[in-house]
Structure formats: C-alpha cells, structure tokens
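Predicted, not measured: the structure shown is a model, and the values here were computed from it. We use all heavy atoms of the structure for the numbers below, so side chains are in, but hydrogens, waters and symmetry mates are not. Along the sequence shown, residues carry numbers from 1.
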Amino acid sequence: MTFSTIEEAIALTSSTEYGLALGILGDVGLAMQLAEAIPSGIVHCNEQTVADEANALFGGVGSSGTGSRFGGAQANIEAFTETQWLTVRAEIAPYPF
C-alpha cells in the first residue's frame with residue numbers, strides 16, 4: 001500500500017487486526033513517534049524486519065503472534081499488556097547484507 005502523509009500511514013497500519021512487526025526507515029525521531037502511534041509487537045527503526053528472533057516470546061498485538069495470550073495465568077498477563085521490541089539505528093542499514 002502507498003500513502004501520502006504520515007497521518008495516512010498511521011491510519012492504514014492501525015486499521016488492520018494484525019500487528020506483529022513494523023519497519024520504519026528514515027529519521028529516528030519521527031520513527032520513534034510512529035512506533036508509539038502504530039500498534040505493533042516489534043518495531044525496527046532503520047533496520048530490517050527479517051532480523052526477528054523466533055525464540056523471543058511475545059504475542060504481537062491484535063490477531064498477530066504465537067498465541068501467547070492463551071494457556072493459563074502467565075498467558076493472561078499477556079492479555080492485559082503489550083510487549084514491543086524496538087530496534088534503532090542512527091542510519092539506514094546497508095542492504096543487501
């Protein structure tokens with residue numbers, strides 16, 4: 001999808017039931033504002049989303065994730081909280097790696 005304004009990008013990404021991983025390239029200050037505004041379990045600033053660690057236990061937000069919200073008292077804690085992974089680089093990472 002394309003967007004014309006930051007506000008439109010926030011609206012587009014917030015309108016889905018999913019929120020597993022988000023990658024933002026550009027100014028770190030603006031990326032931090034977007035990370036706060038967009039529901040997502042992982043946020044990478046100036047880094048790739050394929051660097052996610054499969055052994056990092058979290059459920060994302062909304063309908064995303066590994067199902068960590070189900071299965072007992074420990075999982076219920078996840079039902080009432082959100083974990084967000086944030087990766088920040090001062091400059092956009094060089095690709096391909």
Side-chain angles (χ1 to χ4, degrees):
M1 300 182 125
T2 60
F3 58 90
S4 299
T5 66
I6 296 300
E7 293 75 19
E8 185 181 0
I10 293 169
L12 284 170
T13 55
S14 300
S15 66
T16 179
E17 65 182 295
Y18 302 103
L20 186 57
L22 171 67
I24 304 169
L25 302 177
D27 177 71
V28 173
L30 178 57
M32 296 293 288
Q33 292 174 5
L34 289 169
E36 184 67 29
I38 297 172
S40 182
I42 299 176
V43 178
H44 299 285
C45 297
N46 291 328
E47 187 56 88
Q48 57 186 322
T49 58
V50 297
D52 301 344
E53 296 292 332
N55 60 347
L57 300 176
F58 76 99
V61 297
S63 296
S64 291
T66 59
S68 63
R69 293 190 172 92
F70 307 101
Q74 183 62 34
N76 288 334
I77 292 172
E78 291 290 328
F80 298 101
T81 62
E82 299 294 343
T83 301
Q84 186 179 67
W85 174 338
L86 176 63
T87 303
V88 178
R89 295 177 55 106
E91 303 291 328
I92 297 173
Y95 298 105
F97 37 89

Distance-only criterion, 3.5 Å: show the donor-acceptor pairs between side-chain atoms of residues 27-35 and protein atoms not counting sequence neighbours.
{"unit_1": "Asp27", "atom_1": "OD2", "unit_2": "Gly29", "atom_2": "N", "d": "3.2"}
{"unit_1": "Asp27", "atom_1": "OD2", "unit_2": "Leu30", "atom_2": "N", "d": "2.8"}

Using a 3.5 Å cut-off and no angle test, enumerate the donor-acceptor pairs between side-chain atoms of residues 5-13 and protein atoms at least two apart in sequence or in another chain.
{"unit_1": "Thr5", "atom_1": "OG1", "unit_2": "Glu8", "atom_2": "N", "d": "3.0"}
{"unit_1": "Glu8", "atom_1": "OE1", "unit_2": "Ser4", "atom_2": "N", "d": "2.8"}
{"unit_1": "Thr13", "atom_1": "OG1", "unit_2": "Ala9", "atom_2": "O", "d": "3.0"}
{"unit_1": "Thr13", "atom_1": "OG1", "unit_2": "Ile10", "atom_2": "O", "d": "3.2"}

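A chain of hydrophobic side-chain contacts below 4.5 Å, direct or via other Ile, Leu, Val, Met, Phe, Trp or Tyr residues, connects Ile38 to Leu86.
Contacts of Glu91 classified as side chain to side chain donor-acceptor pair (under 3.5 Å), with partners at least two apart in sequence or in another chain: none.
Of all the heavy atoms in Ala37 and Ser14, the pair that sits closest is O-OG, 4.0 Å.
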